[in-house]
Protein chains: 2
Amino acid sequence: MSTAAEPGLRERKKAATRQALHAAAMRLAIEHGFDRVTVEAVADEAGVSRRTFSNYFGSKEEALLYGDYQRIHLLIEQVRARPAAETPWAALTAAAEQFYLKLGDLDPQWIAQSRLVRAQPALVAAQVQTFAALERDLSTEIAARTGDDPSGVRVRMTSAAFLASLRVALHIWLDKPPGTNLWDLVSEALAEAGRGFES
Amino acid sequence: MSTAAEPGLRERKKAATRQALHAAAMRLAIEHGFDRVTVEAVADEAGVSRRTFSNYFGSKEEALLYGDYQRIHLLIEQVRARPAAETPWAALTAAAEQFYLKLGDLDPQWIAQSRLVRAQPALVAAQVQTFAALERDLSTEIAARTGDDPSGVRVRMTSAAFLASLRVALHIWLDKPPGTNLWDLVSEALAEAGRGFES
DNA sequence: TTCTCAAAGCGCAAACTTGCGCAATAGGCA
DNA sequence: TGCCTATTGCGCAAGTTTGCGCTTTGAGAA
């Protein structure tokens, strides 16, 4: 029961199935377009039943966005690795920077394809849920750093503002021509939130 | 085609139906509990078919939260009435204050009942969508005040931070004992966002 | 007033979501 | 090694969501 211990065969299988469903959804969505993909086809492609699909994901959108979920979750874990001396916001922005700079090294072909999928209105809407689902986790992380109450207004707002920065930057990025640098937008959004809005 | 002109009988009927569906959903949810209410029952209560329900709302949650949607929308419109000399954030906080202070005058009985309904996990999750749906509207309002681009990072972030303040305060409020003052929490959240997070 | 058209209500069908219960199986325990 | 229990996969059924097309009705033009 340590922070991230032994996988165990059972959990491995589960993770594999989830990953397979996500990958299958991505593949089919890129190939045939978002709304020409049925849950049945995805489940089929991943080798499980439709019912099992629903045991893993509540909707097609969730399955597609699971990649984003994992990535942001990873980013949140990187926050923990930041020096304890850093303030929460410093740790967050530093983690975001190392995270998004690495993201730039990905296959441009793949980025272009997934961009098309993510621009789908239904997915943009669902993305909000993905980020909101991570607010608790991030609050816990921030509170652990300062020893504050994870449910306090300050902690919750820091968490919300950070995730809102990522989300807003991503939305703006999707509206811009391909090739636009995402980190520049994230960086600008974080700076605005850092500086505050009352001035 | 002025800012808010003649309703027209057609639009009136539409608004009435939407309102009737929302009211019916609230009534039944308060009476029987959120998950014992079917769309069919709501449509029935409002005197339309299930199909028509879906023409107005994408889900039970949306119908329930339509009240919140209207209220926040109203708040956004009140922002427009603030003096042009005020900065965006000053106008937003001032509008929020007059808005939430008036909200305190509502029937405590009704507040207690709707609190129970809103605490439902499915609704808390859906609430995020409700607020996100208003980000564009609010961005337009803020941009109009300063002459900025409504899609700029600063405007979008101001909008997101303001709505996040309302949302986070609301979530915290739902977790607190009944009778807690909502405006106090909103005020604190707005102050945090106003001051910024980097210090 | 009457005609025309677009929007609204709705039935139908296909797809999606979700609680329930049963069968297979991983993992712990004797 | 062999049993016990909780978890996972999945079929089924009830309920929900959504595209399509038909019918009705408000609103503007003739």
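To find a chain, count down the sequence lines: A is the first, B the second, and so on, and within it residues start at 1. None of the values given here were measured: they were computed from a predicted structure.
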Provide, to the nearest angstrom, the distance between the CG atom belonging to A:Asn55 and the C1' atom belonging to C:dT18. 9 Å
Measure CZ/A:Arg51 against C1'/C:dT17 and give the value in whole Å, please. 8 Å
Taking only side-chain nitrogens and oxygens of B:Thr52, does any of them come within less than 4.0 Å of OP1 or OP2 of C:dC10? yes
Would you kindly give the CZ-to-P distance between A:Arg18 and D:dG9, to the nearest whole Å? 10 Å
Counting N and O atoms only, with roles assigned by atom type, does the side chain of B:Arg154 sit under 3.5 Å from a partner on the main chain of B:Asp148, one being a donor and the other an acceptor? no
Distance below 4.0 Å between B:Lys14 side-chain N/O and C:dA7 OP1 or OP2: no
Separation of A:Asp44 atom CG from D:dC10 atom P, in whole Å? 11 Å
Output the rounded distance in Å from CZ (A:Phe53) to C1' (C:dA15). 12 Å
Round to a whole Å and report the spacing from OH of A:Tyr56 to C1' of D:dG9. 8 Å
If two hydrophobic side chains count as joined below 4.5 Å and joins carry through other members, does B:Leu116 share a cluster with B:Val124? no
Judged by each residue's nearest nucleotide on DNA chain D, which is more toward the 5′ side, A:Ser49 or B:Glu61? A:Ser49
Heavy atoms only, 4.0 Å cut-off, all strands: where does A:Val42 land among base, sugar-phosphate and nothing? nothing
Do B:Arg10 and C:dA7 have a side chain to base donor-acceptor pair shorter than 3.5 Å? yes
Would you say D:dG9 has OP1 or OP2 under 4.0 Å from some side-chain N or O of A:Thr17? yes
Touch check for B:Ser54, heavy atoms < 4.0 angstrom, all strands: base, sugar-phosphate only, or nothing? base
Write down the distance between NZ (B:Lys60) and P (C:dT17), rounded to a whole number of angstrom. 15 Å
If only atom types and distance count, is the side chain of A:Ser159 paired as donor or acceptor with the main-chain N or O of A:Val155 below 3.5 Å? no
Tell me whether the NZ or CZ atom of A:Arg118 lies within the 45° cone about the ring axis of A:Trp173 and under 6.0 Å from its centre. no
How close or far is atom C1' of C:dA15 from atom CZ of A:Phe34, stated in whole angstroms? 13 Å
Quick one: on DNA chain C, does B:Arg50 or A:Val37 contact a more 5' nucleotide (nearest heavy atom)? B:Arg50
Hydrophobic cluster membership, with links at side-chain heavy-atom distances under 4.5 Å among I/L/V/M/F/W/Y: are A:Leu182 and A:Leu74 in one? no
